[in-house]
Amino acid sequence: MPELPEVETTRAGLAPHVEGRRVTDVVVRERRLRWPVPAALSRELPGQIIQRIWRRGKYLLLSTPIGSVIIHLGMSGSLRIVAAGSPVQPHEHVDLVLDHDRALRLRDPRRFGCVLWTRRDPLRHRLLAGLGPEPLGEAFDGAYLAARAAGRRQAIKGLIMDSRVVVGVGNIYATEALFRAGIHPARAAGRISAARLERLARCIRDVLASAIEAGGTTLRDFVDGNGRPGYFSQQLDVYGRTGQPCPACGTTLKSGEIGQRTSVWCPRCQR
DNA sequence: ACTGGCTCCTGAGGGC
DNA sequence: TGCCCTCAGGAGCCAG
């Protein structure tokens with residue numbers, strides 16, 4: 001379940017292996033991902049140089065002079081650098097073969113991810129055009145969050161997981177940030193004080209930033225099969241700890257479904 | 001304009 | 001030991 005820290009760790013790990021490389025071939029073994037891998041990718045990408053690998057929300061973007069590859073890892077996707085022609089494991093659906101006898105290989109057992117191709121500005125692609133601000137960027141702060149929460153009856157957890165409001169906050173980090181901020185995940189967004197939303201915005205930034213940092217420090221070589229960043233579960237306070245004592249006060253952590261997503265919270269610390 | 005619900009898919013884990 | 005069932009989960013999309 002790649003969340004933003006995992007995507008960012010992947011981006012940073014891949015960059016030295018793909019930037020400046022020419023794509024020599026595109027191999028699609030399974031076209032049926034979240035959306036079909038477009039034929040235009042195989043037709044137009046070969047011969048192009050990958051100038052930059054960057055990220056918008058959880059979308060990874062590979063820029064070339066004539067267009068961009070848009071990759072989303074869904075919840076089971078991973079990318080790694082393999083030796084060109086190395087044996088294909090199950091669920092390894094797409095290879096971008098590079099000019100130094102390596103390939104960027106996508107594995108995605110559940111196929112919730114996607115590999116798309118656009119010749120336009122990828123930020124104007126329909127999947128990216130409506131995205132909210134980056135949580136670690138300057139546009140995301142307490143005032144912004146308060147403006148978006150105003151009048152909303154939706155549970156705060158659903159609001160911060162809405163990519164139109166802010167990108168990159170998945171179930172794990174939404175759960176963690178709400179715990180750190182002392183806010184009950186089901187509380188109506190519009191009924192939370194500006195001061196508490198300020199705190200929540202800070203907690204979202206902090207939890208994501210520290211997870212990215214942890215990913216950076218544990219970043220392994222993305223070559224030859226060691227390319228899967230971990231999920232930093234060792235530093236999660238409440239996610240996956242239903243029934244265990246709250247790390248802050250010792251009260252038994254509760255869980256339940258909020259907005260079709262499992263949530264964990266401390267009934268004493270979070271109001 | 002909002003909100004909740006459904007959907008894609010497969011691996012993991014629990015129960016028997 | 002092994003099989004079967006349930007569930008998780010990103011996020012686009014649709015219906016109310």
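Here is the naming used below: chain letters follow the sequence lines, and residue numbers restart at 1 for every chain.
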- Task: Check every strand shown and say whether A:Arg261 touches a base, only sugar-phosphate, or nothing at a heavy-atom separation below 4.0 Å.
- Result: base
- Note on the structure: Per atom distances to the A:Arg110 side chain, the nearest of C:dG10, B:dT3, B:dG11 is B:dG11
- Round to a whole Å and report the spacing from CH2 of A:Trp35 to C1' of B:dC9. 14 Å
- Given atom CE of A:Met161 and atom P of B:dC2, what is their separation to the nearest angstrom? 19 Å
- Closest to the A:Lys58 side chain, choosing from C:dG12, C:dG10, B:dT3: C:dG10
- Message: Less than 6.0 angstrom from the centroid, inside 45 degrees of the normal: does A:Arg126 satisfy that with respect to the ring of A:Trp35?
- Response: yes
- Task: Find the distance A:Ile258:CD1 to B:dG5:C1' and express it as a whole number of Å.
- Result: 16 Å
- Query: Counting any heavy atom closer than 4.0 Å, what does A:Leu73 reach on the DNA or RNA strands: base, sugar-phosphate only, or nothing?
  - Reply: nothing
- Message: At less than 4.0 Å, is any side-chain N or O atom of A:Arg111 found next to OP1 or OP2 of B:dT10? Yes or no.
- Response: yes
- Item | Face-to-face stacking of A:Phe112 with C:dG10, centres under 5.5 angstrom, angle under 30° | yes
- A:Lys58 bridged to A:Glu6 by N-O distance under 4.0 Å: no
- Phosphate-side-chain proximity, A:Arg152 and B:dT3, N/O vs OP1/OP2 below 4.0 Å: yes
- Message: Whole angstroms only, please: what is the CZ-P distance between A:Arg164 and B:dG4?
- Response: 12 Å
- Note on the structure: A:Met75 atom CE is separated from C:dA11 atom C1', nearest whole Å, by 12 Å
- Query: What is the distance from CZ of A:Arg153 to P of B:dA1, rounded to the nearest Å?
  - Reply: 16 Å
- Query: B:dG11 phosphate, OP1 or OP2: any side-chain N/O from A:His91 under 4.0 angstrom?
  - Reply: yes
- Item | Any A:Asp108 side-chain heavy atom under 4.5 Å of A:His93 side chain | yes
- Message: If the cut-off is 4.0 Å, is A:Tyr59 near the phosphate of C:dG12, judged by side-chain N/O to OP1 or OP2?
- Response: yes
- Given C:dG10, is OP1 or OP2 found less than 4.0 Å from the side-chain N or O atoms of A:His72? no
- When the distance from CD of A:Glu30 to P of B:dC8 is rounded to whole Å, what number comes out? 16 Å
- Would you sort out whether A:Thr24 and A:Asp99 count as a side chain to side chain donor-acceptor pair (under 3.5 Å), showing the intermediate values? CA-CA 6 Å; A:Thr24 58; A:Asp99 63 0; over 6 Å; no
- Does any donor atom in the side chain of A:Trp54 or A:Ser63 lie under 3.5 Å from an acceptor atom in the other side chain? yes
- Query: A:Gln260 near the nucleic acid: base, sugar-phosphate alone, or nothing, with a heavy-atom cut-off under 4.0 Å?
  - Reply: base
- Query: Would A:Ser86 and A:Arg105 count as having a side-chain donor-acceptor pair, cut-off 3.5 Å?
  - Reply: yes
- Message: So A:Arg126, base contact, sugar-phosphate only, or nothing? Heavy-atom distance under 4.0 Å.
- Response: sugar-phosphate
- In whole Å, what is the span from the CG atom of A:Leu159 to the C1' atom of B:dG4? 14 Å
- Task: Look at the side-chain N and O atoms of A:Ser76 and state whether any lies under 4.0 Å from the OP1 or OP2 oxygen of B:dT10.
- Result: no
